[in-house]
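Comments concern the structure below.
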Amino acid sequence: MTDSAKPTLLIVDGHSLAYRAFFALPVDNFSTKDGQHTNGIYGFLSMFVNLVKAEQPTHLAVAFDTSRHSFRTDQYPEYKANRSESPAEFKGQIPLLQDCLAAMNVTVLTKEGVEADDILATLATQGVEQGFNVLVCSGDRDTIQLVTDDVTLLYPSVQGVSQLKRYTPDAVVEKYGLPPANYPDIAALVGETSDNLPGVPKVGEKTAVKWLTQFGSLDELLTRADEIKGVVGGNLREHLDTVRRNRSLNALLRDVELDAAPADLGTQPIDAVAVRDIFARLEFRTLLPRVFEAMGGDPADAAPAEPAVAAPAPVEADAAGLTAWLAAHTAHPEFGVTVTVEGGLPARVGLATLESAVEATWSPDVADALRPWLESDTPKVFTDAKTQVKALRRADVVLSGLACDTLLAGWLLRPSLPDKNLADLVYRFLDEKLPEADPTQLVPETEGATPAQLAWYTLRVTAALRDELPASVASVLTDIELPTLGTLAAMELAGVAVSHEKLSSFSTELGTRADGIAQEAYATIGREVNLGSPKQLQEVLFEQLELPKTRKTKTGYSTDAGALADLQESHPHPFLDLLLQHREATKLRQIIESLDTAIGGDGRIRTTYVQTGSQTGRLSSTDPNLQNIPIRNEESRRIRAAFEVGAGYETLLTADYSQIEMRIMAHLSGDEGLIEAFNSGEDLHRFVGARVFGVEPSDVTPAMRTKVKAMSYGLVYGLSAFGLSKQLRIEQAEAKQLMMEYFARFGAVRDYLRSSVEQARIDGYTETIFGRRRPFPDLTSPNRVLRENAERAALNAPIQGSAADIMKIALFRIHDELASADLASRVLLQIHDELVVEVAPGEWDAVAEIVSARMGDAAELTVPLDVQLGRGDNWDDAGH
DNA sequence: GTTGCGCGGCC
DNA sequence: AGGGCCGCGCAACG
């Protein structure tokens with residue numbers, strides 16, 4: 001019976017229901033791409049939103065156990081002792097589930113020393129006293145004792161958590177033959193195997209109910225136990241204490257002191273942004289609309305917090321107005337600046353202090369009014385400065401005084417977060433909502449922020465970020481990232497000359513070849529399939545040709561190059577080789593086509609470097625990506641050959657660091673063998689091979705060199721014996737042996753790698769030589785897959801990141817020095833450990849000297865930084 | 001049209 | 001079961 005006038009309190013046992021969901025749902029279908037299992041979370045939330053939608057509670061809470069330990073285990077150590085340790089895959093899900101509930105503004109209750117069901121019992125009791133209809137949802141049968149006219153139990157059926165059975169007093173009587181208050185008596189007699197509480201032998205539910213009905217109460221029954229005849233009577237008399245103990249343990253506590261009373265549990269609107277964030281992290285998609293539907297709230301309606309400070313009303317100005325505004329604010333220490341960009345050129349400009357803001361439409365007059373100030377050292381903060389720096393340079397303004405870019409600072413603080421604009425940062429670091437125009441409406445109801453307001457928010461976000469930035473990270477921002485930004489802007493503006501003629505002829509050639517290969521491939525299998533479709537290929541390989549199944553993927557079986565090579569070895573078939581050739585030809589053609597369409601009217605390709613594009617500190621390159629241009633085989637180098645020296649320049653120069661990551665490893669580990677290798681001038685892999693295999697360097701065979709080379713590079717990535725054996729196509733035992741020999745000679749390397757991961761586990765982050773940090777929360781995860789992935793990444797991060805730092809330092813120093821030496825030569829490309837420079841006529845010697853010197857002295861390591869230069873009319877010829 | 005996946009290019 | 005990226009085509013989804 002529910003009284004609709006009363007408020008409804010719904011209290012849920014989170015632990016028991018999530019645990020049931022964990023076993024009900026296949027773990028394989030519910031895990032994120034980095035290996036976090038989510039089946040328990042998903043199953044619980046799915047049940048939970050259905051429940052909330054159906055019951056429309058006015059008050060709501062979810063209770064969790066804190067640990068296996070409780071007052072019951074104190075009284076009776078065997079309590080639940082038969083339960084095996086809950087799987088690690090499950091444990092890790094509970095904190096995440098609690099995060100989800102927190103985002104949904106659902107109160108999570110826990111209490112040390114008691115179980116979730118005691119919290120349920122306490123709240124149910126209080127709720128009834130305070131006039132609530134109470135709904136209790138638990139997977140533990142002991143909660144049946146809570147059922148009254150005002151308390152209904154929702155209990156998962158055997159089918160799983162999606163079907164809940166309603167236990168009213170009548171339903172309990174129907175099922176057990178006694179009212180709910182007597183259920184613990186029945187359970188005490190029968191015992192509860194899941195709690196490791198044995199009952200009276202030979203006594204089941206039927207007998208227990210019969211006795212309790214006959215004697216009226218458990219006390220009466222126990223007092224008059226001698227009246228029961230037969231073997232069961234004897235059993236009962238022998239187990240009186242057991243029954244009393246069971247009864248005392250299965251009574252739920254109704255007077256636990258809690259942080260919240262029923263009245264405090266009124267349902268709250270969900271935190272739309274937080275829910276979206278955590279669901280995105282857990283890769284839940286279909287659940288999101290269901291949560292909004294059940295819990296109320298509009299997905300678009302992320303509760304806007306009130307700004308802590310009122311935004312100054314932006315004043316529209318002209319050139320003279322801007323000049324006057326600047327004159328009035330000369331004493332101000334720092335300004336927020338926003339230049340909106342349209343078609344690559346400045347459109348509007350906004351300037352802000354915390355108290356005052358001004359904005360204007362860009363014009364030659366405005367440019368002239370602002371130029372001296374923009375080109376001065378006056379500190380200015382931007383969001384996404386690179387885009388604006390480029391637009392300003394196109395308008396003949398060379399920005400100076402860049403003191404912060406919020407995107408960079410936000411990324412340095414949280415390199416894993418996809419904060420790609422000011423709105424994200426305002427939400428995350430100010431806990432406010434940036435006014436945004438509704439793009440779905442022709443005439444937006446809400447106005448978007450104006451340039452001056454954007455500048456004002458940028459200034460405030462900067463302050464919030466600075467508060468959080470550790471000193472070492474702040475120095476990475478000012479000493480590495482901000483100087484790099486200006487250099488990248490110049491590189492992007494310069495672009496690189498690419499020959500359309502070379503590309504298009506090659507593309508045609510590859511197209512013809514791919515078609516021919518495809519025809520041949522079709523002939524070998526007697527039909528035409530789409531060779532680019534992994535799904536159709538699986539049909540051909542594993543069904544038609546009946547080849548053995550390869551490595552499993554999410555959607556079937558792998559058809560990647562490694563798998564095809566394995567198949568070719570064990571079950572040779574002409575189709576396999578043709579497929580590989582076809583892949584190669586079409587891949588190259590794809591690359592060529594995308595490059596060709598990216599060539600601008602002036603014959604140059606302009607990439608965009610994403611300075612926040614990696615978690616380690618590396619750059620990334622997009623639209624098009626110029627950091628993955630083929631090089632590894634002879635033919636593909638024809639693509640590099642299409643990257644040419646531009647008109648008015650003399651030649652291309654390439655400069656790359658040789659083995660920079662291994663050098664950093666030598667530096668960080670202090671391994672004397674490795675340091676000696678780099679100081680000896682001997683080829684690294686030959687030197688290492690000689691040590692590992694115990695031969696003279698001159699006797700190191702190519703096979704030995706290949707092996708130690710793979711091992712050395714693999715080290716930096718956390719390679720396992722399995723991975724090494726696979727790559728080298730040798731037995732795992734041999735790979736293991738190789739690793740052992742390697743570490744026997746270069747033991748400090750292993751010690752360093754181990755200790756750096758351990759340090760990261762303690763600190764929660766790794767650090768590069770220059771202080772760049774990367775957090776690794778998963779190093780302490782109970783989920784083994786997650787933890788081991790984090791360990792490998794943590795092992796690599798300081799090495800890859802330090803290399804990135806060094807290259808950035810070299811890059812901007814080269815750029816600055818070329819400019820200050822009045823050289824026309826310019827850096828065009830950065831490919832992680834390589835630079836491509838366009839050299840102006842007559843400048844080769846000077847440029848080569850600057851490039852090699854600045855790359856060589858970008859960092860002071862215990863081993864030298866070796867730089868290789870190359871020269872040629874095109875990128876292929878300039879390579880070496 | 002968007003999204004996830006498999007695959008493969010680079011360092 | 002090897003760290004960091006970007007982007008293509010296919011297939012499924014809306």
Side-chain angles (χ1 to χ4, degrees), chain A residues 32-33 35 280 283 285-286 289 415-416 529-538 550-564 579-580 582-595 598 607-610 612-633 636 639-640 656-661 665 710-711 713-728 732 735 753 757 766 774 776 784-785 788-801 803-804 807 829-835 879:
Chain A
T32 65
K33 58 180 178 296
E283 298 172 17
R285 282 167 288 274
T286 55
S416 67
V529 295
N530 184 344
L531 296 174
S533 162
K535 196 172 166 240
Q536 294 182 36
L537 286 178
Q538 287 175 47
T550 54
R551 169 177 64 86
K552 267 196 179 172
T553 67
K554 239 176 198 176
T555 55
Y557 298 93
S558 173
T559 65
D560 70 17
L564 295 180
L579 176 55
L580 284 168
H582 184 263
R583 283 236 179 102
E584 202 175 317
T586 50
K587 177 76 182 185
L588 279 187
R589 198 164 61 125
Q590 271 173 16
I591 293 172
I592 292 163
E593 282 304 313
S594 72
L595 288 175
T607 184
T608 302
Y609 289 102
V610 184
T612 58
S614 80
Q615 296 195 55
T616 52
R618 275 193 180 180
L619 302 175
S620 72
S621 156
T622 62
D623 303 313
N625 181 356
L626 295 185
Q627 290 180 322
N628 70 342
I629 305 304
I631 190 171
R632 289 184 187 171
N633 64 54
S636 66
I639 300 178
R640 290 206 170 211
D656 62 63
Y657 281 118
S658 68
Q659 296 129 355
I660 188 167
E661 293 193 339
M665 175 93 95
M711 172 80 201
Y713 279 107
L715 270 181
V716 185
Y717 303 145
L719 186 67
S720 64
F722 175 88
L724 188 61
S725 74
K726 210 154 165 115
Q727 191 194 325
L728 291 173
Q732 250 193 83
L753 292 172
V757 172
T766 58
R774 177 173 171 192
F776 281 99
R784 190 166 60 93
V785 175
E788 289 179 350
N789 286 342
E791 285 170 353
R792 288 190 297 274
L795 182 139
N796 173 264
I799 300 168
Q800 191 185 116
M807 180 51 114
L829 302 176
Q830 188 259 38
I831 309 96
H832 308 306
D833 63 0
E834 173 184 6
L835 296 178

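Nothing here was measured: the structure is a model prediction, and the numbers come from that model. Residue numbers begin at 1 in each chain, while the letters A, B, ... track the order of the sequences.
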Just N and O in the side chain of A/Asn530: are any of them under 4.0 Å from OP1 or OP2 of C/dC10? yes
Under a 3.5 Å distance rule, please check whether A/Asn789 uses its side chain to pair with a backbone N or O of A/Val785 as donor and acceptor. yes
Take the protein atom CG of A/Asn796 and the nucleotide atom C1' of C/dC5, then report the distance between them rounded to whole Å. 12 Å
Inter-nucleotide P distance (B/dC5, C/dA1), Å rounded: 16 Å
Donor-acceptor contact below 3.5 Å, side chain A/Ser636 vs main chain A/Asn633: yes
Minimal heavy-atom distance between A/Val716 and A/Glu661, with the atoms involved, is CG1-OE1, 3.5 Å
Using a 4.0 Å heavy-atom cut-off across all strands, classify A/Arg774 as base, sugar-phosphate, or nothing. sugar-phosphate
Would you kindly give the CD-to-C1' distance between A/Gln727 and C/dA1, to the nearest whole Å? 13 Å
Protein-nucleotide distance (A/Met711, atom CE; C/dG2, atom P), rounded to Å: 12 Å
CA sep, side-chain torsions, deciding dist, call: A/Glu593, A/Arg589, salt bridge (charged side-chain N to carboxylate O under 4.0 Å, His left out): CA-CA 6 Å; A/Glu593 282 304 313; A/Arg589 198 164 61 125; 6.0 Å; no
Please state whether the phosphate of C/dG2, meaning OP1 or OP2, lies under 4.0 angstrom from any side-chain nitrogen or oxygen of A/Arg792. no
Would you kindly give the CD-to-C1' distance between A/Gln830 and C/dC5, to the nearest whole Å? 12 Å
Which part of the nucleic acid, if any, lies within contact of A/Gln536, taking any heavy atom under 4.0 Å across all strands shown: a base, the sugar-phosphate backbone alone, or nothing? sugar-phosphate
Could you measure the distance from the CZ atom of A/Phe776 to the CD atom of A/Glu791? Nearest 0.5 Å is fine. 11.0 Å
Could you encode protein contacts along nucleotides 6-11 of chain B as a string, one character per nucleotide from 5' to 3', using B for base contact, S for sugar-phosphate-only contact and - for no contact, with a heavy-atom cut-off of under 4.0 Å? SSBBSB
Between the side chains of A/Thr622 and A/Thr608, is a donor N or O closer than 3.5 angstrom to an acceptor N or O? no
Side chain to side chain donor-acceptor pair (under 3.5 Å), that's the test. Do A/Thr559 and A/Arg551 meet it? Break it down for me. CA-CA 9 Å; A/Thr559 65; A/Arg551 169 177 64 86; over 6 Å; no
5'-most contact on DNA chain C: A/Phe722 or A/Phe776, nearest heavy atom basis? A/Phe722
From CG of A/Leu715 over to P of C/dG2, roughly how many Å is that when rounded to an integer? 13 Å
Starting at NE2 of A/His582 and ending at C1' of C/dG9, how long is that distance when rounded to a whole Å? 12 Å
Winner on side-chain proximity to A/Asp623, out of C/dC5, C/dA1, C/dG7, is C/dG7
So, for A/Ser621 and A/Leu626, which heavy atoms are closest and what is the spacing to 0.1 Å? OG-N, 2.8 Å
Taking 4.0 Å as the cut-off, does a side-chain nitrogen or oxygen of A/Thr622 come that near to OP1 or OP2 on C/dC6? no
Starting at atom CZ of A/Arg589, determine the distance to atom C1' of C/dC8, rounded to an integer number of angstrom. 12 Å
Nearest-Å distance for atom pair CE/P, residues A/Met807 and C/dC5: 18 Å
Has the side chain of A/Gln590 got a donor or acceptor that lies under 3.5 Å from a partner of the other kind on the base of C/dG9? no
Taking only the side-chain heavy atoms of A/Gln615 (C-beta and beyond), determine which of C/dG3, C/dC5, C/dA11 contains the nearest atom. C/dC5
